[in-house]
Amino acid sequence: MAEIENRPSNFIRQIIDKDLQSGLHSSVSTRFPPEPNGYLHIGHAKSICLNFGIAQDYQGTCNLRFDDTNPEKEDMDFVNSIKEDVSWLGFTWQGEARYSSNYFDQLYMFARELIEKGLAYVDFSSQETVRALRGTLKEPGQNSPYRDTSIEENLAHFEKMRAGDYKEGECSLRAKIDMSSSFMCMRDPVIYRVKFAHHHQTGDKWCIYPMYDFTHCISDAIEGITHSLCTLEFQDNRRLYDWVIENISIDCTPRQYEFSRLNLEYTVLSKRKLIQLVDDKHVDGWDDPRMPTIAGIRRRGYTPSSVREFCLRIGVTKMDNLVEMSMLEACIREEMNVSAPRRMAVLEPLRVVIENYPEDQVEWLDAINHPMDDTMGTRKVPFTKELFIEREDFKESANKKFKRLVLEKEVRLRNAYFLKANRCDKDDKGEITTVYCTYDADTLGKDPEDGRKAKGVIHWVSASEGKPAEIRLYDRLFTVPNPAGEDEFTATINPESLIIKQGIVEPSLADAPIASAFQFERTGYFCVDKDSTPENLVFNRTVGLRDTWAKQNQG
RNA sequence: UGGGGUAUAGCCAAGUUGGUAAGGCAGCGGGUUUUGAUCCCGCCAUUCGUAGGUUCGAGUCCUGCUACCCCAGCCA
């Protein structure tokens with residue numbers, strides 16, 4: 001109960017509260033209704049969390065319904081991936097997954113009912129004519145010459161449509177509403193069209209398919225949906241939704257409410273653009289970790305609970321929005337901070353030789369797996385004469401603000417000893433190749449007795465015992481906050497959205513299972529990519545650690 | 001004067017009968033720290049798109065204006 005009280009309310013929950021209090025409804029039923037013509041993305045997650053979250057909190061139900069009225073664009077691969085993604089997010093739909101196509105027979109009969117009431121007619125006008133007669137935003141439309149065909153003839157035509165006697169585009173069934181309506185969707189909308197297409201659910205049974213506006217409301221009513229939640233662009237369509245429900249014989253009155261869709265900075269969330277990114281090979285596929293798809297963010301290392309938390313935090317309103325990426329990142333950092341075991345990994349290795357350390361000695365030092373959680377225990381980390389440190393953690397000279405290794409100065413090697421840099425080698429290009437150091441054997445697990453202080457703490461990995469690993473670092477996919485607003489959004493793709501490092505990781509990481517997650521101390525949260533093998537370890541950086549120092553030094 | 005919507009901090013967002021602007025993210029100070037992380041402490045809207053009006057009192061009510069989003073698929 002307390003959990004429910006902690007849920008942020010929103011205008012939809014307030015409507016539900018009222019409907020429950022007034023007795024309009026005694027229980028709540030929602031549905032998540034994707035068209036199986038693409039992969040789900042973080043925007044869908046918002047809708048999923050809304051619909052399933054309401055069902056959970058009000059002890060109601062939420063159906064998964066595939067809005068599959070356009071077979072040419074849909075297929076089973078998409079329905080399967082959608083089921084997988086909804087499940088991954090942690091939600092369970094009521095009963096079996098539904099399909100709008102389950103209702104094709106009923107839909108057909110309701111269409112007949114409309115014809116019988118004189119509220120629908122078969123129009124043989126060409127699509128061009130239909131468009132021309134529809135009028136414009138500011139001018140009313142004109143009636144179709146087929147608008148006054150008799151009910152009997154319309155019934156016969158519709159039957160012939162179903163029988164396959166008419167070609168695609170030859171005619172359509174239109175609701176007879178109002179050609180002068182200020183709502184364009186009410187100007188005698190097409191509700192059935194001819195399509196000789198194979199359907200993934202109904203096969204070749206049908207050659208006419210109902211349109212969204214006719215199908216959705218009826219499907220909701222059939223399923224007993226009380227609150228039908230969709231995005232803002234359907235606000236006008238609500239008039240048609242209500243018109244259909246009012247004019248057919250069905251004893252359920254679902255209500256549609258619209259909320260604003262999610263927009264996320266530095267990415268795109270439209271199906272068309274996502275398809276383009278994949279088809280034009282700007283990314284490696286639907287599950288590329290840079291993609292805002294559920295599959296992509298999952299592979300990137302986001303957890304279901306972090307995505308749910310994000311959806312909770314962004315709220316539900318009717319306001320157009322462009323949410324900052326930092327909102328999403330904060331959710332996964334917060335979770336990983338408490339759950340991810342710490343490890344050491346060097347992304348860009350620089351060789352360190354400890355001159356006063358025995359040649360072939362390997363010391364297995366204890367390292368704590370989590371600074372705030374003793375139950376996560378410890379592990380052994382090998383310490384040897386040659387180590388790798390992060391290239392950016394060493395400078396020949398630096399100012400006081402540089403809390404890392406500097407010639408003649410001392411730092412603490414994380415989980416190990418104090419280390420002092422004596423000199424370094426460079427190649428012909430002036431690039432530092434090796435740093436020669438000495439360590440203080442009396443500083444393991446304690447500070448030096450003479451009170452010396454380390455300039456900082458840096459991570460490291462044994463050169464001989466560490467494992468090479470491919471480390472994939474990701475940056476925003478686009479260089480502008482709102483690529484969708486550009487003339488050609490692909491022109492703003494960030495060429496450095498993926499940077500691959502050949503790093504070295506501590507040996508305990510060698511057998512980490514795919515998808516397992518860690519904090520690589522000082523560099524971020526990482527997970528094992530599906531490409532990873534024992535011979536070729538691959539890690540994805542989910543998100544970096546918060547780095548106030550780097551920010552301040554950017555100017 | 002087509003219609004439908006939306007305007008509260010850099011971003012997201014509470015604010016429901018008018019009573020004196022929640023919270024989160026980001027940011028900024030300071031403390032702790034063997035992660036420049038975490039954690040802790042403090043700061044961050046005299047003002048709610050704008051101009052008027054009503055009122056003792058307006059983010060909430062009224063009027064005008066402005067900006068932005070959506071609608072002319074046999075897509076959803």
Side-chain angles (χ1 to χ4, degrees), chain A residues 8-11 14 18 33-35 37 67 69-70 72-73 123 126-127 130-132 134-141 168-174 180-187 189-195 208-209 211-213 215-216 230-239 258 260 262 265 271 312-331 333-334 337-338 342 344 367-368 371-372 401-404 411-416 418 443 445-447 454 456-459 481 519-524 544-553:
Chain A
S9 187
N10 57 51
F11 76 98
Q14 288 168 6
K18 278 185 190 133
E35 182 185 15
N37 69 343
D67 218 339
T69 56
N70 190 356
E72 289 164 332
K73 294 185 171 179
D123 194 330
S126 67
Q127 278 181 65
V130 170
R131 190 184 314 129
R134 186 150 34 222
T136 67
L137 295 178
K138 297 190 179 184
E139 301 160 44
E168 285 187 21
E170 187 175 353
C171 61
S172 63
L173 182 69
R174 295 227 262 163
S180 63
S181 173
S182 54
F183 294 99
M184 296 303 289
C185 66
M186 297 296 268
R187 318 242 266 226
V190 169
I191 57 176
Y192 260 95
R193 76 287 219 190
V194 178
K195 261 185 206 291
I208 56 171
Y209 291 95
M211 299 286 287
Y212 163 85
D213 285 304
T215 307
H216 203 93
C230 64
T231 43
L232 251 27
E233 65 270 28
F234 293 100
Q235 288 176 120
D236 286 359
N237 301 246
R238 186 176 67 242
R239 277 72 187 185
E258 311 87 10
S260 56
L262 168 69
E265 275 194 345
K271 210 167 270 182
L312 234 40
R313 289 186 189 186
I314 58 175
V316 177
T317 67
K318 302 177 82 137
M319 260 198 284
D320 289 327
N321 60 76
L322 184 59
V323 175
E324 289 177 350
M325 203 55 99
S326 62
M327 189 85 91
L328 218 206
E329 292 173 342
C331 295
R333 280 200 192 102
E334 213 167 276
N337 180 44
V338 325
R342 313 285 125 124
M344 292 197 289
I368 283 172
M372 291 95 84
K401 290 181 111 179
F402 188 76
K403 292 166 50 180
R404 307 178 186 190
V411 289
R412 156 77 66 186
L413 289 175
R414 175 76 169 150
N415 297 126
F418 267 40
T443 52
K446 60 182 181 185
D447 285 335
V457 181
I458 65 173
H459 60 279
Q519 183 195 95
F520 289 174
E521 287 191 287
R522 305 211 304 135
T523 61
L545 257 27
R546 209 165 143 265
D547 191 348
T548 48
W549 186 75
K551 273 175 191 155
Q552 285 167 15
N553 288 63

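Letters go in sequence order (proteins before strands), and every chain restarts at 1. If you're wondering where the values come from, they're calculated on a predicted model, not measured in any experiment.
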Under the 3.5 angstrom rule, does the side chain of A:R412 hit a backbone N or O of A:A416 as a donor-acceptor pair?
yes

Does A:F418 offer a backbone N or O that forms a donor-acceptor pair with the side chain of A:T443 under 3.5 Å?
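Pair found, side chain donor or acceptor close to backbone of A:F418.
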
Whole-Å gap separating [atom2] ([N]) and [atom1] ([X]):
| X | N | atom1 | atom2 | result |
| --- | --- | --- | --- | --- |
| A:N10 | B:C12 | CG | P | 17 Å |
| A:F11 | B:G5 | CZ | P | 12 Å |
| A:R313 | B:A22 | CZ | C1' | 16 Å |
| A:L262 | B:C11 | CG | C1' | 12 Å |
| A:E265 | B:A26 | CD | P | 13 Å |
| A:K138 | B:G3 | NZ | P | 10 Å |
| A:N321 | B:G24 | CG | P | 20 Å |
| A:M327 | B:G23 | CE | C1' | 11 Å |

Contact check, side chains of A:V130 and A:R174, non-hydrogen atoms, under 4.5 Å:
yes

Does some side-chain heavy atom of A:L262 sit less than 4.5 Å from a side-chain heavy atom of A:I314?
yes

Can you name the side-chain contact (heavy atoms from CB on, under 4.5 Å) partners of A:F402, sequence neighbours left out?
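Testing A:F402 for side-chain contact (heavy atoms from CB on, under 4.5 Å), a comparison that skips the adjacent residues, returns A:K395, A:A398, A:N399, A:R404, A:V406, A:W549.
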
Taking side-chain contact (heavy atoms from CB on, under 4.5 Å) as the definition, give me every residue that meets it alongside A:R546, ordered by chain and number, with sequence neighbours left out.
A:T548

Watson-Crick or G-U wobble partner for [N], using a 3.5 Å limit on both distances?
| N | value |
| --- | --- |
| B:A76 | none |
| B:U46 | none |
| B:A67 | B:U6 |
| B:U55 | none |

For the [atom1] atoms, the ones on [N] and on [M], what distance do you get once it is rounded to whole angstrom?
| N | M | atom1 | value |
| --- | --- | --- | --- |
| B:U8 | B:C75 | P | 37 Å |
| B:G10 | B:A45 | C1' | 13 Å |
| B:U46 | B:A21 | P | 11 Å |
| B:G23 | B:C44 | P | 11 Å |
| B:G59 | B:G19 | P | 10 Å |
| B:C61 | B:U6 | P | 13 Å |
| B:G52 | B:A58 | C1' | 13 Å |
| B:G15 | B:U60 | P | 15 Å |

From the options B:C11, B:G5, B:U8, select the nucleotide whose nearest atom is closest to the side chain of A:R239.
B:G5

Over all heavy atoms of both residues, which pair between A:M184 and A:L137 is shortest? Give the atoms and the distance, please.
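Taking A:M184 first and A:L137 second, the nearest heavy atoms are CG-CD2, 3.9 Å.
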
Nearest heavy-atom pair of A:V338 and A:R342: which atoms, and what distance?
N-NH2, 4.4 Å

Results of salt bridge (charged side-chain N to carboxylate O under 4.0 Å, His left out) for A:R522 - residues two or more places apart only:
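Here the qualifying residues are A:D393.
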
Ignoring backbone atoms, establish whether A:T317 has a side-chain N or O less than 4.0 Å from OP1 or OP2 of B:A13.
yes

Strictly under 3.5 Å: I want the nitrogen or oxygen pairs between protein and nucleotides 71-75 of chain B, one per line.
| unit_1 | atom_1 | unit_2 | atom_2 | d |
| --- | --- | --- | --- | --- |
| B:A72 | O2' | A:R134 | NE | 3.2 |
| B:G73 | OP2 | A:R134 | NH2 | 3.1 |
| B:C74 | OP1 | A:R134 | NH2 | 3.3 |
| B:C74 | OP2 | A:R134 | NH1 | 3.3 |
| B:C74 | N4 | A:S125 | O | 3.3 |
| B:C74 | N4 | A:G169 | O | 3.2 |
| B:C75 | OP2 | A:R193 | NE | 3.1 |
| B:C75 | OP2 | A:R193 | NH2 | 2.9 |
| B:C75 | OP2 | A:K195 | NZ | 3.4 |
| B:C75 | O3' | A:R193 | NH2 | 3.1 |
| B:C75 | O2' | A:N70 | ND2 | 3.1 |

Given that A:V316 and A:L328 both sit by RNA chain B, which one's nearest nucleotide is further toward the 5' end?
A:V316

Where does B:G73 land, syn or anti, once you apply the within-90°-of-0 test for syn?
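This nucleotide is in syn.
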
With sugar-phosphate meaning primed atoms plus P, OP1 and OP2, does A:L322 contact a base, only sugar-phosphate, or nothing at under 4.0 Å between heavy atoms?
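Answer is sugar-phosphate: A:L322 comes under 4.0 Å of backbone atoms only.
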
Have a look at A:E258 and say if it touches a base, only the backbone sugar-phosphate, or nothing, with a 4.0 Å heavy-atom cut-off.
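Here A:E258 touches no strand at all.
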
Apply salt bridge (charged side-chain N to carboxylate O under 4.0 Å, His left out) to residues A:E168 and A:K195 and explain how you reach the verdict.
CA-CA 6 Å; A:E168 285 187 21; A:K195 261 185 206 291; 6.0 Å; no

Between the base of B:G10 and the side chain of A:E324, is one N or O donor paired with an acceptor at under 3.5 angstrom?
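For A:E324, whose side chain was compared with the base of B:G10, there is a donor-acceptor pair (under 3.5 Å).
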
If the condition is side chain to side chain donor-acceptor pair (under 3.5 Å), which residues does A:S260 pass it with, not counting sequence neighbours?
A:N321

For nucleotides 32-38 of chain B, just jot down a letter per nucleotide in 5' to 3' order: B, S or -, based on protein non-hydrogen atoms under 4.0 Å.
--BBBSS

